[in-house]
Amino acid sequence: MQASRARLFKEYKEVQREKVADPDIQLVCDDTNIFKWTALIKGPSETPYEGGVFQLAFAVPEQYPLQPPQVRFLTKIFHPNVHFKTGEICLDILKTAWSPAWTLQSVCRAIIALMAHPEADSPLNCDSGNLLRSGDLRGYQSMARMYTKLAAMPKKG
């Protein structure tokens with residue numbers, strides 16, 4: 001547990017230094033628990049998520065970095081690899097392809113990349129996956145854009 005704490009403190013310091021360097025990711029550690037983090041990530045440009053800001057919740061295990069963090073979307077998102085109700089994310093690096101070389105910041109980067117390049121063959125959101133698999137890119141994009149506007153964009157007025 002000491003090793004994981006030390007690693008998380010190191011990442012915390014790096015995040016403080018990189019705030020300006022990576023404007024797409026804002027990682028915040030819980031004030032009372034180093035094993036709980038949240039992140040705000042910007043939707044990638046030229047995707048239906050562009051202009052949206054999505055909140056992620058990180059639950060970091062005491063065996064970190066030997067085990068991956070549990071990460072889920074708190075903001076509703078229409079994406080084939082994200083469970084619509086729970087926010088669970090289907091991403092290999094959070095499961096079988098995890099490596100201690102990954103950091104919480106690089107996990108955020110990988111999630112942004114997944115947003116830009118959905119994997120319709122392993123859907124957690126079947127409606128979204130089916131639209132993509134059937135070739136209905138327009139249908140998928142309009143649904144994803146609608147949910148981005150409803151859940152991830154600041155309300156005007």
Side-chain angles (χ1 to χ4, degrees), residues 8 11-12 14-30 35-61 64-65 67-157:
L8 287 167
E11 288 192 36
Y12 177 77
E14 262 171 46
V15 164
Q16 299 308 311
R17 268 198 310 267
E18 286 185 23
K19 268 187 181 155
V20 180
D22 201 339
D24 295 341
I25 300 168
Q26 185 183 345
L27 255 171
V28 180
C29 179
D30 184 284
F35 295 101
K36 289 198 181 319
W37 294 63
T38 55
L40 294 174
I41 58 173
K42 289 185 181 169
S45 59
E46 297 179 28
T47 71
Y49 311 108
E50 184 174 11
V53 177
F54 299 83
Q55 188 174 17
L56 304 172
F58 285 76
V60 182
Y64 182 82
Q67 287 184 359
Q70 289 183 319
V71 188
R72 65 188 182 91
F73 274 89
L74 294 177
T75 308
K76 287 272 180 244
I77 182 171
F78 188 77
H79 188 285
N81 308 113
V82 181
H83 191 285
F84 190 73
K85 286 196 168 100
T86 66
E88 178 191 349
I89 303 166
C90 180
L91 182 60
D92 59 354
I93 63 148
L94 295 175
K95 310 253 185 312
T96 55
W98 174 256
S99 157
W102 287 90
T103 64
L104 301 182
Q105 183 94 0
S106 59
V107 167
C108 289
R109 274 265 145 247
I111 292 169
I112 291 170
L114 181 70
M115 290 169 76
H117 306 285
E119 294 288 335
D121 291 335
S122 60
L124 280 174
N125 179 332
C126 291
D127 293 337
S128 178
N130 288 340
L131 284 171
L132 281 174
R133 281 200 304 247
S134 70
D136 189 356
L137 189 60
R138 201 163 142 200
Y140 158 75
Q141 288 179 334
S142 67
M143 287 292 289
R145 187 87 198 122
M146 180 188 77
Y147 278 104
T148 298
K149 282 183 177 166
L150 288 171
M153 290 183 151
K155 311 286 181 264
K156 291 191 172 95

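Predicted, not measured: the structure shown is a model, and the values here were computed from it. All residue numbers refer to positions in the sequence shown, counting from 1.
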Report the relative orientation of the aromatic rings in Trp98 and Tyr64; use parallel for angles under 30°, tilted for 30 to 60°, perpendicular for over 60°. tilted
For Arg133 and Ala120, which heavy atoms make the closest approach, and how far apart are they? NH1-O, 2.8 Å
Go through the steps to decide whether Asp127 and Met143 satisfy the test side-chain contact (heavy atoms from CB on, under 4.5 Å), and finish with yes or no. CA-CA 10 Å; Asp127 293 337; Met143 287 292 289; over 6 Å; no
If you define the side chain from C-beta out and look only at heavy atoms, does anything of Asp136 sit under 4.5 Å from Arg138? yes
List in chain and number order the residues that pass side-chain hydrogen bond (donor to acceptor under 3.5 Å, both in side chains) with Ser106, two or more places apart in sequence or in another chain; answer none if no residue qualifies. Thr103
Does atom CZ of Phe84 have more than 12 heavy-atom neighbours from other groups under 6.0 Å away? yes
Any donor-acceptor pair under 3.5 Å linking the side chain of Thr75 with the backbone of Gln55? yes
More than 12 non-hydrogen atoms from neighbouring residues, nucleotides or ligands closer than 6.0 Å to CD on Glu119, yes or no? no
If we only count heavy atoms from C-beta on, is the Phe58 to Val107 side-chain gap below 4.5 Å? yes
Inspect the surroundings of CD in Gln70 and state if more than 12 heavy atoms from other residues, nucleotides or ligands are less than 6.0 Å away. no
Can you name the nearest heavy-atom pair linking Tyr12 to Cys29, along with the distance? CD1-CB, 3.8 Å
With a 3.5 Å distance limit and no angle check, can you tell me whether Arg145 reaches the backbone of Pro48 through a side-chain donor-acceptor pair? yes
Minimum side-chain heavy-atom gap Leu27-Glu11 below 4.5 Å: no
Between atom CZ of Arg109 and atom CH2 of Trp102, what is the distance when rounded to the nearest 0.5 Å? 11.0 Å
Side chains of Val53 and Gln26: closer than 4.5 Å at any heavy-atom pair? no
Decide if atom NZ of Lys36 counts as having more than 12 heavy atoms of other residues, nucleotides or ligands within a radius under 6.0 Å. no
Whether His79 side chain and Leu114 backbone form a donor-acceptor pair below 3.5 Å: yes
Any side-chain heavy atom of Ile25 within less than 4.5 Å of one from Ile112? yes
When every non-hydrogen atom of Val82 is compared with those of Ile89, the smallest separation belongs to CG2-CG1, 4.4 Å
Is there a side-chain contact (heavy atoms from CB on, under 4.5 Å) between Leu137 and Leu132 once you walk through the steps? CA-CA 6 Å; Leu137 189 60; Leu132 281 174; 3.6 Å; yes
List the steps, then state whether side-chain contact (heavy atoms from CB on, under 4.5 Å) holds for Leu104 with Val15. CA-CA 9 Å; Leu104 301 182; Val15 164; over 6 Å; no
Any heavy-atom pair between the side chains of Tyr140 and Pro80 that's under 4.5 Å? yes
Please round to the nearest 0.5 Å and tell me the distance separating atom CD1 of Ile77 and atom NE2 of His83. 14.0 Å
Within this structure, what is the CD1-CG distance for the pair Ile111 and Leu91, rounded to the nearest 0.5 Å? 6.5 Å
How long is the gap from CG on Asp30 to CH2 on Trp37, to the nearest 0.5 Å? 10.5 Å
Taking the side chain as C-beta and beyond, is there a heavy-atom pair between Tyr49 and Pro44 under 4.5 Å? yes
Pairwise distance OG1(Thr38) to CG(Leu56) - rounded to 0.5 angstrom: 9.0 Å
I need the Asp22 CG to Cys108 SG distance, nearest 0.5 Å. 8.5 Å
The test is side-chain contact (heavy atoms from CB on, under 4.5 Å); show your working for Met115 and Thr47 and say whether it passes. CA-CA 8 Å; Met115 290 169 76; Thr47 71; 5.8 Å; no
Neighbour count >12 (heavy atoms, 6.0 Å) for atom NZ, Lys85: no
Would a 4.5 Å heavy-atom cut-off, applied to side chains only, mark Thr86 and Arg72 as touching? no
Applying the side chain to side chain contact (heavy atoms under 4.5 Å, CB included) criterion to Phe78, which one of Thr148, Asn125, Leu150 satisfies it? Asn125
